[in-house]
There are 4 protein chains.
Amino acid sequence: MITVTRLDLNDAHVMLRAARAKADEIGVPMCIAITDDAGNLVAFERMDGGKVTSSTIAIDKSFTASGAKKATHEYGDASQPGKPAYGIASAIGGRLMVVGGGLPVMVNGQCVGGIGVSSGTPAQDMEVAQAGLDAVLATV
Amino acid sequence: MITVTRLDLNDAHVMLRAARAKADEIGVPMCIAITDDAGNLVAFERMDGGKVTSSTIAIDKSFTASGAKKATHEYGDASQPGKPAYGIASAIGGRLMVVGGGLPVMVNGQCVGGIGVSSGTPAQDMEVAQAGLDAVLATV
Amino acid sequence: MITVTRLDLNDAHVMLRAARAKADEIGVPMCIAITDDAGNLVAFERMDGGKVTSSTIAIDKSFTASGAKKATHEYGDASQPGKPAYGIASAIGGRLMVVGGGLPVMVNGQCVGGIGVSSGTPAQDMEVAQAGLDAVLATV
Amino acid sequence: MITVTRLDLNDAHVMLRAARAKADEIGVPMCIAITDDAGNLVAFERMDGGKVTSSTIAIDKSFTASGAKKATHEYGDASQPGKPAYGIASAIGGRLMVVGGGLPVMVNGQCVGGIGVSSGTPAQDMEVAQAGLDAVLATV
């Protein structure tokens with residue numbers, strides 16, 4: 001048997017609140033998803049004005065980051081033409097996201113969940129995801 | 001052009017809070033989804049202990065209720081063997097939910113969104129969805 | 001080689017117009033889909049107030065009727081518990097519709113297309129689909 | 001609650017008519033889709049000779065443009081190898097279209113819907129989509 005540590009709904013609320021605050025600060029309404037260590041959705045919010053298309057993208061960024069224990073932008077680098085992971089973007093029915101905005105939550109070297117953000121530029125999405133990540137790590 | 005009214009994220013928070021409170025009261029951790037008038041996801045929460053399989057079910061109950069402007073348990077009645085809507089349960093790739101727990105939010109005769117709840121018995125899911133619905137209607 | 005006869009876009013317009021008129025007459029805004037003999041979509045309309053969930057259902061009813069050369073309500077009868085086609089409703093990823101509202105367009109014993117209607121009761125859907133069918137048959 | 005404005009079926013007819021006229025003018029039968037502000041399909045036509053494969057592509061271009069409030073060719077630029085949105089093309093099960101031919105309908109800074117066109121070259125698709133867009137904007 002294994003005992004794992006994972007985000008709970010309270011952690012997700014902390015992350016959503018911080019991410020929303022950062023999104024408000026930069027003036028971009030976002031879709032924000034929180035997944036647990038298993039890649040399963042814990043919480044989601046589409047801020048008023050967030051893109052409808054970004055709901056699935058945010059969820060899949062968080063799924064990718066938590067499931068693969070890796071930031072989605074790292075896959076972006078690794079999947080460029082000629083690189084080893086080229087073509088990975090369409091894996092899992094397109095759920096494997098290689099665009100920035102998905103971050104794993106690592107605690108003591110273990111992945112306990114992830115956050116995915118979408119609706120802005122990848123740089124904006126990454127900034128908002130980082131704010132959510134920082135907030136939960138500050139509580140550990 | 002048409003002008004429509006729909007739930008915003010603040011409304012969704014009101015609904016989630018009330019649904020969560022009812023779920024705590026009856027002692028069943030739930031997956032709770034809120035969609036807008038177009039059936040698109042606005043917010044989602046899986047309470048600690050909520051069923052992983054119920055995430056999609058809650059989202060699809062809310063999608064069905066808001067998209068079809070009808071409670072999911074009404075489809076349950078209408079789709080029994082020998083009834084006119086028999087077989088509808090597998091429509092839209094299985095997203096059309098006929099199990100109780102999905103309720104439309106009707107304001108002035110218009111559907112402005114929906115709520116979907118899953119993890120308990122259908123009766124428990126319906127009770128928790130109703131609590132979310134009542135809470136937002138009390139603010140109108 | 002085979003030469004086939006199929007609905008063209010002009011036929012689809014005739015059918016949509018007649019179906020819309022009937023929907024207006026009975027006061028139920030509908031989703032209406034027209035497919036050709038291959039089951040492929042030729043035209044679609046969601047009337048103002050038609051159900052979002054019914055878009056896919058209308059398209060799949062027409063797909064089923066034209067692809068199988070059979071009215072969807074005939075599948076409804078044949079797929080009841082204990083009947084030979086029991087379980088067919090979830091075939092093709094749920095696209096095989098067994099609820100009334102899908103009709104094939106038969107000309108000289110050949111299927112040249114179909115019409116699918118959804119948003120009302122199955123009886124209303126069938127009535128509106130029949131109006132579309134009658135209109136195109138009157139032009140042959 | 002939020003109040004939003006969206007395309008109705010009459011607007012969609014205006015757009016289809018203008019797009020069809022342009023398609024006839026350039027001699028390329030097209031698939032043309034109109035979606036509302038939520039990305040949901042309002043109307044669709046496959047002109048006689050339009051490509052069967054282009055039906056889904058036209059619908060998904062319109063879904064992308066209206067859901068993301070952005071022209072699909074802008075995603076084409078942003079998703080080239082080495083660019084920040086590289087890999088986005090396979091998102092949402094491949095529904096996120098980055099090929100030109102999808103345009104949002106923006107009225108007073110708000111996205112009220114979209115148009116998607118497919119069967120020609122991307123340049124031809126864009127030209128036909130633009131004709132549909134211009135026609136509806138002229139009525140506002």
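Residue numbering restarts at 1 for every chain, and letters A, B, ... go by the order of the sequence lines.
Within the structure, salt bridge (Lys or Arg N to Asp or Glu O under 4.0 Å) pairs that include any residue of residues 104-120 of chain B do not occur (at least two apart or interchain).
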Listing needed: what donor-acceptor pairs below 3.5 Å join chain D with chain B?
from	atom 1	to	atom 2	distance (Å)
D/Met1	N	B/Asp8	OD2	3.3
D/Met1	N	B/Asp11	OD2	2.9
D/Ile2	N	B/Arg6	O	2.7
D/Ile2	O	B/Arg6	N	2.7
D/Val4	N	B/Val4	O	2.8
D/Val4	O	B/Val4	N	2.8
D/Arg6	N	B/Ile2	O	2.8
D/Arg6	O	B/Ile2	N	2.7
D/Arg6	NH1	B/Asp37	OD2	3.3
D/Arg6	NH2	B/Asp37	OD2	3.1
D/Asp8	OD2	B/Met1	N	3.3
D/Asp11	OD2	B/Met1	N	2.9
D/Asp37	OD2	B/Arg6	NH1	3.3
D/Asp37	OD2	B/Arg6	NH2	3.2
D/Ala38	O	B/Asn40	ND2	3.1
D/Asn40	ND2	B/Ala38	O	3.1

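In this structure, chain B has a heavy atom under 4.5 Å from the side chain of D/Val112, while its backbone stays farther away.
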